[in-house]
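Notes follow once the structure below has been shown.
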Amino acid sequence: MFIKRYLHDILIAVEAIIANRLKSILTALGIIFGVAAVISMMAIGNGAEQEILEQIKLVGVNNIVITPSTYSLSDGSGESSGNGQPTAKKFSKGLTLLDVEAIKKIVPTVERITPVISFNYSALLNGISKPVVLEGIDNHYFELFNMQLADGERFNSMQTEKGLPVCVIGNNIKELFFRQQNPVGQYIKCGQIWLKIIGVVERRDFTASASDELGISSSDNKIFIPVQTMLLRFKNRSLIRADEVLNANKGNGGDGMVVIYGGPEQTEEPVDTDDNLNQLDKIIVQISETEQLSSSATLIKRMLLRRHSDLYDFEVTIPELLLKQQQKTKKIFNIVLGVIAGISLVVGGIGIMNIMLASVLERIREIGVRQALGAKQKDIIAQFLSESTLISLTGGIIGIILGVVLSKIITAMFDIKTIVSAFSIFIAFGVSVGVGIIFGYLPAKRAAANDPVVSLRS
């Protein structure tokens with residue numbers, strides 16, 4: 001009997017909504033856009049957080065990255081000291097393998113360390129040529145960046161120590177040159193050197209922002225070789241150091257040609273003063289504990305500064321800490337976005353309350369008739385509360401659909417990653433129902449408080 005009684009009140013509310021379709025739709029617009037805003041904003045926030053987590057995985061855990069800076073490798077030429085005597089010219093060899101060994105021996109918190117040397121080459125096989133990035137690394141590189149092999153194996157000790165012509169290739173290189181074949185055990189030509197393929201790296205997706213802000217890039221278009229293979233068979237930039245000093249002392253009066261011992265034969269290449277003259281392009285250090293990252297980075301910076309003749313020709317960065325700070329900032333930004341979207345829901349609830357209050361005045365005669373026929377205050381409250389809740393509920397459902405569509409449009413048009421979670425849908429749906437009940441109660445209460453005699457006279 002109880003259910004039947006209030007079901008009748010709900011059916012009357014549905015009939016009233018259908019009879020005033022345009023007014024009901026306009027009333028629900030605030031809820032529709034509010035729910036859509038909540039879902040789309042939370043989707044952007046979830047996508048940003050997932051992107052940062054993926055970037056943290058890409059840069060590795062507890063890693064410190066040391067890279068060459070644009071600071072001149074020599075300094076102090078001809079300047080005078082305070083007593084009028086010329087100061088000695090400072091010179092730094094830049095980042096070298098000796099720095100790697102020094103960090104490994106001196107810094108006690110180091111768990112793993114790897115040098116990285118990068119050059120742009122062309123890979124060639126069966127008449128197909130493709131520009132690739134050739135990187136000289138050691139096996140720790142794969143562990144530092146959580147890289148797994150889809151096939152094959154890593155370098156063994158003999159290959160790394162003797163600089164044998166072996167390589168591990170990225171997924172795109174496999175797809176281009178070998179397609180359905182297994183590349184492990186086959187050869188690919190890089191520059192003038194034939195390299196035996198011993199492994200293939202699993203595909204890894206990365207974002208453009210990760211590449212620009214953190215200096216990381218996809219491994220899919222790379223060929224990895226041992227560091228000694230790079231130095232012995234391709235190019236060793238440290239071998240032109242003495243000649244650079246000689247040219248600097250001569251005031252660049254030479255012919256601009258240097259001899260580079262980089263392969264089976266000596267080849268002459270013109271000196272490009274804008275080129276990177278460091279033996280290494282990067283040193284990546286993994287620290288054992290997160291709490292020791294900052295102190296270890298400071299120790300490494302001081303040690304390298306001393307080794308490099310007090311020249312800041314290097315930069316020490318901690319990508320993970322940068323990402324965590326960025327993550328914290330984005331969380332605050334997401335909270336602000338959520339509050340703004342929540343305010344729009346409140347505004348939508350206020351709109352429902354205003355329309356329902358106006359509806360009470362318009363339907364005062366209907367209320368009086370129902371009361372005269374025996375309807376109690378509870379029935380009137382149930383009717384008008386059902387109307388506001390149903391309007392809000394319908395707006396919430398439409399808003400959810402619109403929010404999901406908006407998230408897809410944002411991803412397609414602006415290349416911003418969005419993730420619509422079940423939690424965000426549940427929150428938006430629950431809030432929309434809550435708004436209908438809360439903001440619909442006052443009009444329902446006012447409708448029930450009408451005097452039936454006065455209502456019928458109206």
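Owing to the predicted nature of the structure, the values given are computational and were not obtained by experimental measurement.
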Using the side-chain hydrogen bond (donor to acceptor under 3.5 Å, both in side chains) criterion, which residues pair with [X]? Sequence neighbours excluded.
{"X": "Ser118", "answer": "Glu135"}
{"X": "Thr229", "answer": "none"}
{"X": "Asn139", "answer": "none"}
{"X": "Ser309", "answer": "none"}

Could you name each residue pair satisfying salt bridge (charged side-chain N to carboxylate O under 4.0 Å, His left out) that touches [range], not counting sequence neighbours?
{"range": "residues 107-123", "answer": "Arg112-Glu143"}
{"range": "residues 21-35", "answer": "Lys23-Glu362"}
{"range": "residues 163-189", "answer": "none"}
{"range": "residues 413-439", "answer": "Glu54-Lys417"}

Within the distance-only criterion (no hydrogens, no angle test), does the side chain of [X] pair as donor or acceptor with the backbone N or O of [Y] below 3.5 angstrom?
{"X": "Thr389", "Y": "Ser386", "value": "no"}
{"X": "Thr317", "Y": "Pro319", "value": "no"}
{"X": "Thr160", "Y": "Ser157", "value": "yes"}

**Item:** Residues which pass ring pair (Phe, Tyr, Trp, His ring centres under 6.0 Å) with His140, listed by chain and number, not counting sequence neighbours
**Value:** none
**Item:** Counterpart residues, ring pair (Phe, Tyr, Trp, His ring centres under 6.0 Å), relative to Phe155 (two or more places apart)
**Value:**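 Residues passing ring pair (Phe, Tyr, Trp, His ring centres under 6.0 Å) with Phe155: none at all.
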**Request:** Flag yes if more than 12 heavy atoms outside Phe119 fall under 6.0 Å of its CZ atom; otherwise flag no.
**Result:**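 Check passes, neighbour count above 12.
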**Asked** Should the heavy atoms of other residues, nucleotides or ligands under 6.0 Å from CD of Gln50 be counted, would the total exceed 12?
**Response**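 Yes, CD of Gln50 has more than 12 neighbouring heavy atoms, counting only those of other groups under 6.0 Å.
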**Request:** Mind checking side-chain contact (heavy atoms from CB on, under 4.5 Å) for Ser295 and listing every partner two or more places apart, or none if nothing turns up?
**Result:**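 For Ser295 the side-chain contact (heavy atoms from CB on, under 4.5 Å) partners, ignoring immediate neighbours, are Gln292.
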**Request:** Would you check if the distance from the ring center of Phe224 to the ring center of Tyr141 is below 6.0 Å?
**Result:** yes
**Request:** Using the side chain to side chain donor-acceptor pair (under 3.5 Å) rule, collect all pairs that involve residues 123-132, keeping only residues at least two apart or in two chains.
**Result:**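 Not a single pair qualifies under side chain to side chain donor-acceptor pair (under 3.5 Å).
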**Asked** For Asp138 and Thr114, what are the C-alpha separation, side-chain angles and deciding distance, and is it a side-chain hydrogen bond (donor to acceptor under 3.5 Å, both in side chains)?
**Response** CA-CA 6 Å; Asp138 66 16; Thr114 180; 2.8 Å; yes
Flag for [Y]-[X]: side-chain donor and acceptor within less than 3.5 Å:
{"X": "Ser238", "Y": "Thr96", "result": "no"}
{"X": "Asn172", "Y": "Asn221", "result": "yes"}
{"X": "Asp313", "Y": "Ser69", "result": "no"}
{"X": "Asn171", "Y": "Glu202", "result": "no"}

**Intermediate values then yes/no, side chain to side chain contact (heavy atoms under 4.5 Å, CB included), Val420 and Ser424** = CA-CA 7 Å; Val420 179; Ser424 64; 4.2 Å; yes
**Request:** Start with the C-alpha distance between Thr418 and Thr411, add both sets of side-chain angles, then the distance that settles side-chain hydrogen bond (donor to acceptor under 3.5 Å, both in side chains), and finish with yes or no.
**Result:** CA-CA 6 Å; Thr418 58; Thr411 301; 2.6 Å; yes
